[in-house]
Amino acid sequence: MATTLSRLVGVTRRESQSQRYDVPMAVLLLFASAREAAGTPRVEIDAATVRDVLSVAKDRFGPHFASVLTNCKIWLNGEEVHESTPVTGKDEVAVLPPVSGGSQ
């Protein structure tokens with residue numbers, strides 16, 4: 001009986017691990033100073049809204065990243081959105097810091 005039970009637990013554990021890896025995650029794209037503060041140009045984050053994606057990123061990348069984020073525009077799939085917008089595994093959340101310079 002114990003062997004059967006441990007075998008069932010092992011199967012359940014393997015199934016839950018494979019299901020976890022099959023869950024698609026939103027991609028957070030980081031540009032310019034946001035990329036420098038995070039140390040990476042992109043990261044996959046499992047979250048329900050744009051706000052949740054940014055919250056996970058702040059926790060992961062620290063206070064310097066969080067301070068850079070205060071001046072950034074946030075886009076979802078190429079359009080500026082409110083942070084309460086839901087995200088799915090097919091979405092790209094882009095962090096766009098202000099651009100300086102221009103033609104003279």
Side-chain angles (χ1 to χ4, degrees):
M1 175 99 170
T3 307
T4 304
L5 182 57
S6 61
R7 195 174 340 149
L8 288 174
V9 171
V11 169
T12 303
R13 212 177 276 147
R14 268 186 257 121
E15 286 175 356
S16 67
Q17 287 173 350
S18 68
Q19 288 171 355
R20 183 178 65 218
Y21 294 115
D22 290 341
V23 174
M25 296 187 197
V27 175
L28 178 64
L29 302 174
L30 304 167
F31 297 93
S33 58
R35 179 183 62 233
E36 291 172 15
T40 185
R42 64 178 283 154
V43 63
E44 291 184 350
I45 295 178
D46 183 19
T49 66
V50 170
R51 178 179 294 113
D52 295 340
V53 169
L54 298 176
S55 178
V56 169
K58 288 177 194 177
D59 290 345
R60 187 174 295 175
F61 300 126
H64 179 62
F65 176 80
S67 70
V68 168
L69 200 57
T70 61
N71 296 317
C72 294
K73 296 223 181 257
I74 308 301
W75 285 26
L76 178 66
N77 301 324
E79 296 182 21
E80 196 168 357
V81 295
H82 189 271
E83 289 185 2
S84 63
T85 305
V87 296
T88 69
K90 297 177 182 176
D91 289 328
E92 291 181 336
V93 178
V95 175
L96 306 167
V99 178
S100 63
S103 62
Q104 295 185 3

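Basis for what follows: all heavy atoms, side chains included, without hydrogens, waters or symmetry-related copies.
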Check: Between Pro97 and Cys72, what is the shortest heavy-atom contact and its length?
Finding: CA-SG, 3.6 Å

Extract all donor-acceptor atom pairs below 3.5 Å that involve side chains of residues 33-44 and protein atoms in other chains or at least two apart in sequence.
residue, atom, partner, partner atom, Å
Thr40, OG1, Arg42, O, 3.1

Notebook entry, point to check: Which ring-ring contact (aromatic ring centres under 6.0 Å, His included) pairs, counting each pair once, include a residue from residues 33-64, with sequence neighbours left out?
Noted result: Phe61-Phe65

Notebook entry, point to check: How long is the gap from CG on Leu96 to CG on Leu30, to the nearest 0.5 Å?
Noted result: 9.5 Å

Check: Members other than Val68 in its cluster, when Ile, Leu, Val, Met, Phe, Trp, Tyr link by side-chain heavy atoms under 4.5 Å?
Finding: none

Margin query: Applying the side-chain contact (heavy atoms from CB on, under 4.5 Å) criterion to Val87, which one of Val53, Leu28, Ile45 satisfies it?
Written below: Val53

Notebook entry, point to check: Do you reckon Val50 sits in the same ILVMFWY cluster as Val27, going by side-chain contacts under 4.5 Å, direct or chained?
Noted result: no

Notebook entry, point to check: Can you list every pair that meets salt bridge (charged side-chain N to carboxylate O under 4.0 Å, His left out) and has a residue in residues 48-58, with sequence neighbours left out?
Noted result: Arg51-Glu83

Check: About how many Å separate CG of Leu54 and CG of Leu69, when rounded to the nearest 0.5 Å?
Finding: 5.5 Å

Check: Tell me the ring-ring contact (aromatic ring centres under 6.0 Å, His included) pairs involving residues 67-98, sequence neighbours left out?
Finding: none

Margin query: My understanding is that only residues two or more places apart in sequence, or in another chain, count here; which of them pass side chain to side chain contact (heavy atoms under 4.5 Å, CB included) with Asn77?
Written below: Asp91, Glu92

Note to self: With side chain to side chain contact (heavy atoms under 4.5 Å, CB included) as the criterion, how do Val95 and Ile74 come out once you've worked through the C-alpha distance, each side chain's angles and the decisive distance to 0.1 Å?
What the structure shows: CA-CA 5 Å; Val95 175; Ile74 308 301; 3.9 Å; yes

Next item on the list: Please name all residues satisfying salt bridge (Lys or Arg N to Asp or Glu O under 4.0 Å) with Lys73, sequence neighbours left out, ordered by chain then number.
Entry: Glu80

